[in-house]
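Data block below; observations after.
So you know, we letter chains A, B, ... as the sequences are listed, proteins then strands, and number each from 1.
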2 protein chains.
Amino acid sequence: MSTPTDSPVPCALPGPSGPTARERLVRHATGIFAAKGFAAAGTREICEAAGVNIASIRYYFGDKEGLYRETLLGPIAEAITAFGGFDDPGLPFEDGIRRFFAPILGMTSDGEDAASETQVMKLHLREMLEPSGAFREVVEQTIAPAHRALVGLLARHCALAEPDDDIHQLAFALVAMAHDYCLSREMMRLLAPGVLDRPRARERTLDRLVGFARALLDHERARRLPHDPEPTPANADR
Amino acid sequence: MSTPTDSPVPCALPGPSGPTARERLVRHATGIFAAKGFAAAGTREICEAAGVNIASIRYYFGDKEGLYRETLLGPIAEAITAFGGFDDPGLPFEDGIRRFFAPILGMTSDGEDAASETQVMKLHLREMLEPSGAFREVVEQTIAPAHRALVGLLARHCALAEPDDDIHQLAFALVAMAHDYCLSREMMRLLAPGVLDRPRARERTLDRLVGFARALLDHERARRLPHDPEPTPANADR
DNA sequence: AGCACATAATCAAACGATTTATTAAGTCGA
DNA sequence: TCGACTTAATAAATCGTTTGATTATGTGCT
């Protein structure tokens with residue numbers, strides 16, 4: 001029998017009736033995978049939501065895992081460009097870190113697409129807890145370069161030639177604060193609804209994270225000054 | 001043939017009263033639920049790991065969800081006491097926030113139990129992405145009081161009578177940094193292994209987070225001063 | 001002590017339901 | 001007619017759950 005994947009890609013022709021079956025499938029699969037996880041998401045459920053039949057998954061992606069890989073690896077191209085030059089050496093720190101945070105918070109585009117980016121972020125957060133083989137590729141191809149660019153930015157503003165472990169740790173703390181707005185969204189709504197519901201909440205949050213980043217960077221720079229009567233232990237052995 | 005002394009699994013201590021079947025079940029279920037999620041974890045897999053019969057789940061917990069609830073709600077009693085008085089008004093800020101961070105990082109007890117606490121934390125992180133009914137109880141009974149105590153601590157050190165949304169946001173950022181050491185552990189190992197592997201990594205991380213918290217608190221206090229010669233953008237009103 | 005009975009715990013086997021993967025035939029527009 | 005796509009049905013595996021039997025332990029009665 002002919003293998004289902006070696007057929008020419010059918011997404012070439014734009015149908016007059018909106019997104020193709022394949023596109024709808026990927027779109028709804030992203031939302032359902034993000035909401036319920038890979039195992040709990042059923043192929044019937046996905047196909048029904050997308051308005052396609054069950055056999056379409058095999059037809060377009062071979063199997064369920066192929067569809068999942070597509071939802072995971074598909075948006076990385078957009079993600080790469082979304083960060084667009086945040087580590088430009090000519091940029092002030094606040095502007096650079098703002099460009100870095102904005103896509104993570106889903107602020108590159110407005111309204112509808114923001115929900116889509118939130119779903120992709122949830123997928124990534126799930127994969128952080130339980131990495132799959134496909135995600136390792138994403139890390140190496142996308143996240144690792146972004147992380148290197150971020151630590152480079154931080155090291156530069158700390159007047160360091162090379163980033164060390166403390167810079168890495170600072171970088172993790174910064175992205176953690178941004179991740180949290182996807183991770184604990186439901187809990188925020190229970191504990192402090194105003195943070196999410198007040199007017200211009202996203203803009204405020206972005207401003208806030210930029211301020212936090214500035215404060216942590218200043219803290220890091222002060223920590224590295226030669227005179228250091230700080231509460232941090234001075235025995236930096238190894 | 002099989003006497004009750006020679007248990008079928010190596011994890012059971014020799015002697016008449018090792019961990020009971022119920023305890024082993026909960027213990028291994030916690031690890032598997034944390035690693036794979038509720039839906040992907042199979043009852044057969046759990047029982048095989050615990051060295052008990054499949055029917056034990058029904059016998060002890062009714063069904064799979066009852067076992068899951070036990071793994072989720074069981075450790076909350078310990079968690080409540082683990083934070084033990086971190087918001088004592090007589091405590092300096094650094095000491096209070098240190099007592100708050102330590103249990104999250106799994107530093108209340110050493111070695112073996114730390115892995116157990118990490119698993120419980122992973123379960124909670126999964127529930128943050130995809131809250132179940134059982135988790136809502138945990139939030140209301142455990143997390144909400146802890147969050148209120150944290151915002152109270154922060155508001156006090158900001159000389160505020162009542163916490164506002166900005167204080168809540170600061171609190172979320174602080175716990176996010178701590179959560180991240182459970183969430184993106186695998187990714188840290190790929191991107192910057194030294195952060196996790198260097199000697200006394202956990203102690204250093206705790207010190208680091210305390211320093212970050214101090215820096216962010218100072219930033220927040222400075223932001224609230226009427227005169228504001230800070231590097232934070234001048235349009236910080238709103 | 002000896003016997004009968006009750007309870008708790010565990011076991012192997014199987015049940016019914018649901019899942020994904022797969023196939024064959026059909027529809028419809030260009 | 002050809003290719004894109006749908007429909008319906010089946011196969012095969014796996015899932016959570018349930019059952020009935022079995023062992024170990026305890027308990028009360030004579």
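B:Arg24 places its CZ atom 11 Å from the C1' atom of C:dA9, with the value rounded to the nearest Å. Atom CD1 in B:Ile54 sits about 14 Å away from atom P in C:dT10, given to the nearest Å. For the pair B:Arg44 CZ and C:dT18 C1', the interatomic distance rounds to 13 Å; values are reported in whole Å. Rounded to an integer number of Å, the gap from B:Glu45 CD to D:dC15 P is 8 Å. In this structure, the CD atom of B:Glu48 is 16 Å from the C1' atom of C:dT10, given to the nearest Å. In this structure, CD1 of A:Ile32 is placed 13 Å from P of C:dT19, rounded to the nearest angstrom. Residue A:Ile46 contributes atom CD1, which lies 10 Å from atom P of C:dA21 at whole-angstrom precision. Per the geometry, CD1 belonging to B:Ile57 stands 10 Å off C1' belonging to D:dT17, to the nearest Å.
Checking C:dA21, D:dT18, D:dC5 against every side-chain atom of A:Tyr60, the shortest atom distance belongs to D:dC5. Of the listed nucleotides (D:dT17, D:dT7, C:dC11), D:dT17 has the atom at the smallest distance from the side chain of B:Lys64. Side-chain atoms of A:Val52 lie closest to D:dT6 of the nucleotides D:dT6, D:dG16, C:dA12. Of all nucleotides listed (C:dC11, D:dT17, D:dT7), D:dT17 comes nearest to the side chain of B:Thr43.
A donor-acceptor pair is defined here as one N or O able to donate and one able to accept, closer than 3.5 Å; no such pair exists between the side chain of A:His147 and the backbone of A:Ile143.
Counting any heavy atom pair closer than 4.0 Å across all strands shown, B:Ala55 reaches a base atom. Nucleic acid contact for A:Ala39: none, since no nucleic acid atom lies under 4.0 Å from a heavy atom of the residue.
At least one side-chain heavy atom of A:Asp207 sits less than 4.5 Å from a side-chain heavy atom of A:Arg98.
Counting non-hydrogen atoms of neighbouring residues, nucleotides and ligands closer than 6.0 angstrom, the CZ atom of B:Arg27 reaches no more than 12 such neighbours. For A:Glu45, the CD atom counts as densely surrounded, since its 6.0 Å shell holds more than 12 non-hydrogen atoms of other residues, nucleotides or ligands.
At the phosphate of C:dA9, neither OP1 nor OP2 sits under 4.0 Å from any side-chain N or O atom of B:Ser56. OP1 or OP2 of D:dT6 sits under 4.0 Å from a side-chain N or O of A:Asn53. When the side-chain nitrogen and oxygen atoms of B:Arg58 are compared with OP1 and OP2 of D:dT19, one or more of them lie within a distance under 4.0 Å.
Stacking of B:Lys36 on the aromatic ring of A:Phe38 is not recorded, the 6.0 Å distance cut-off and the 45° axial limit not both being met.
Residue-to-nucleotide proximity on DNA chain C shows that, of A:Phe38 and B:Tyr59, the 5′-proximal contact is made by B:Tyr59.
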